Structures are given as C-alpha cells and as structure tokens.
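Working notes for the structure below.
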Amino acid sequence: MSERNPLVAGNWKMNGDAASLDTLLDGVLSELSVLALQRCSVLVFPSYVYLGQVANKLRGTIVGVGSQDVDERTQGAVTGGVSAAMVKDVGCEFSLVGHSERRTLFAESDELIAEKFEQCKACGLVPIICVGETLEERRQDRTMEVVTRQLNAVTSRVGLAGFDGAMVAYEPVWAIGTGESATPEQAEDVHAGLRKCLAELDEDLSSRTRILYGGSVTADNAVALFGKENVDGALVGGASLKANSFAEICKAAEES
Ligand code: PEP
C-alpha cells in the first residue's frame with residue numbers, strides 16, 4: 001500500500017468575498033462531514049486578505065489552509081508584499097509557489113520561485129511547487145524538459161533536506177481553466193517522470209512526495225485521474241468554488 005495518502009486542494013484564486021467564502025466553507029465542511037474522510041487531506045487557498053478569516057474558521061477542522069503565493073523576501077520596504085512569516089502568523093500551514101498564473105502574469109522565473117519555496121520552508125510552511133508546460137511546449141515534445149527544469153530549479157537550490165515534506169503539483173498550462181483536462185495517461189506519464197526526477201535526488205523522498213494533478217479537474221474526471229499510480233490528489237481551481245463538486249472530488253480521492 002502506498003504511503004502517500006491522497007490530498008485535494010482548492011485554489012480559490014482572486015474569487016469571492018468575506019460573506020461568499022464563509023458560505024462556501026460552511027458548504028464544504030457540511031459536505032465533508034458526511035464523507036467522514038479517513039485518508040484524504042483537504043486544503044483551501046483563499047486570497048491573502050481572507051487568509052486570517054478562513055484560518056480562524058477552519059481551526060480544529062479537517063481542512064487546512066494555505067496562501068496562493070508568498071514574497072521571496074523576509075520583511076521591510078516591500079510595499080504590497082506578504083511574507084511567508086506573515087502567512088504562517090495568521091494560521092496557514094501551506095503555500096503554493098510557481099502557479100502558472102504567477103509565472104505568466106507576474107513574470108516569475110524559476111529562480112524567483114525557488115527563493116519563494118525556500119522562504120516557505122524557512123518559515124515552517126509546506127510549499128506546493130507548481131510545474132507545467134504550455135500547449136506549444138507539449139506540441140514540441142518538450143513537456144518533460146520543461147517540468148524537470150522547473151522542479152530542478154527548486155531542488156538544486158534547497159537540496160534534499162530543504163525539499164523534504166514539500167509537494168509538487170503538475171498543472172499543464174493548457175488544461176488550467178479550459179475545461180480540457182489532461183487524460184489520466186498523460187498525467188501519469190508526467191507524474192512518473194517527475195517522481196523519477198525526485199528519485200535521482202533520493203529514492204525515499206521520491207516515494208513519499210505527493211504529486212498532485214491540476215487542470216480542469218471535475219467530479220466527472222477525478223476518479224480516472226486518481227486511479228493512476230502516481231497521481232496523489234488534485235489542485236482544483238474552478239470546481240473548488242462549489243462545495244458539492246469539491247466534495248465529490250474529495251470523495252473520489254478518498255476512494256482511490
Ligand atoms: C488551477 O488554477 O490551479 C487550476 C487547476 O484551475 P482549474 O481547476 O480551474 O483548471
């Protein structure tokens with residue numbers, strides 16, 4: 001039996017407000033209480049401004065909370081910046097780093113993302129490093145080259161001890177928010193390649209690191225995706241904004 005229990009994370013992006021997120025959380029908690037999950041962990045990633053509110057509401061529940069990003073610096077004259085220590089201070093335990101929207105909209109480089117990852121670890125946050133190729137890169141048969149470059153930028157900066165405990169999310173850019181998920185076979189190919197890449201660092205680390213799939217995951221395609229050996233759960237965007245569809249995905253992960 002795999003030592004990697006599944007995990008489902010909802011990336012709420014720049015959606016919602018105080019009232020609607022409170023209602024969404026009520027719905028998620030109520031749906032999850034019916035499921036009585038034993039194996040599947042569940043996380044949500046609200047916008048910075050709602051992190052404290054959400055963390056307070058989720059304290060003592062089975063749902064963890066994380067930020068969608070952190071600044072690479074520790075403190076000081078960084079107007080608009082939010083440090084990993086601040087995120088930790090308001091009750092978060094996780095953070096995404098290197099989401100494709102950060103890479104594209106904010107021109108974040110592999111090196112910058114590695115610095116953010118390192119800040120998370122230094123402050124006691126569990127980072128989830130997102131990697132993924134564009135459609136053009138896939139068509140050029142460069143998927144593994146791109147995702148291993150993105151992953152290696154982090155591992156070469158932080159090393160084995162610095163990576164331990166982190167998670168990876170494979171999110172093909174062409175599948176994010178498009179309604180066109182990778183097939184289970186496409187996801188498994190890349191996840192197996194990423195695991196091999198981690199095994200070059202350390203076999204044990206590789207076998208215990210969770211690799212999530214993200215990109216148009218829905219209640220309909222989750223079962224098939226989670227049926228693959230190296231798919232350890234999902235990072236879910238759109239479908240995490242509806243309590244029932246998010247819970248259905250958690251159920252699929254629980255039963256995988
Ligand atoms: C995401 O942005 O991380 C994501 C996977 O979005 P969606 O599920 O909407 O494709």
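Numbering of ligands and ligand atoms starts at 1, following listing order. This structure is a prediction, so every number in the text was calculated from the model and none was measured. Quick note: residue numbers are just sequence positions, from 1.
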Which residue supplies the protein heavy atom nearest to atom 4 (C) of ligand 1, what is that atom called, and how far is it?
G237 N, 3.6 Å
Polar proximity ligand 1 side, T178 side, N/O cut 3.5 Å exclusive:
no
W174 side chain to E136 side chain, donor-acceptor N/O pair below 3.5 angstrom:
no
Should the proximity of I176 to ligand 1, defined as any heavy atom under 4.0 Å, be assigned to the side chain, the backbone, both, or neither?
both
Out of curiosity, is A239 lining ligand 1, as in a heavy atom under 4.0 Å away?
no
Using a strict 4.0 Å threshold on nitrogen-to-oxygen distance, state whether K228 and E185 make a salt bridge.
yes
Provide, to 0.1 Å, the distance between atom 9 (O) of ligand 1 and the closest protein heavy atom, together with that atom's residue and name.
G238 N, 2.8 Å
If the cut-off is 4.0 Å to any non-hydrogen atom of G177, which atoms of ligand 1 fall inside it?
7 (P), 9 (O), 10 (O)
May I ask whether A175 has any heavy atom positioned less than 4.0 angstrom from an atom of ligand 1?
yes
S20 side chain to D17 side chain, donor-acceptor N/O pair below 3.5 angstrom:
yes
Ligand 1 to H99, heavy atom cutoff 4.0 Å, flagged ligand atoms 1 (C), 2 (O), 3 (O)
The complete set of ring-ring contact (aromatic ring centres under 6.0 Å, His included) pairs with one or both residues in residues 108-152, sequence neighbours excluded, reads F117-F163
State the atoms of ligand 1, each with its element, that fall below the 4.0 Å cut-off from a heavy-atom position in G215.
5 (C), 10 (O)
Looking only at atom types and distance, does a side-chain atom of S83 sit under 3.5 Å from a main-chain N or O of Q75, one as donor and one as acceptor?
no
For atom 2 (O) of ligand 1, find the nearest protein heavy atom and state the residue, atom name and distance (0.1 Å precision).
K13 NZ, 2.5 Å
Does ligand 1 have a heavy atom under 4.0 Å from the side chain of C130, from its backbone, from both, or from neither?
neither
Identify each donor-acceptor pair in which a side-chain atom of residues 120-131 lies under 3.5 Å from a protein atom, sequence neighbours left out, and give them as a table.
from, atom 1, to, atom 2, distance (Å)
K121, NZ, G162, O, 3.0
K121, NZ, D164, O, 2.4

Between E188 and N230, does any side-chain donor sit less than 3.5 Å from a side-chain acceptor?
yes
In this structure, atom 3 (O) of ligand 1 is nearest to the protein heavy atom E171 OE2, 2.7 Å
Does either side chain, that of H99 or that of E171, offer a donor lying less than 3.5 Å from an acceptor on the other one?
yes
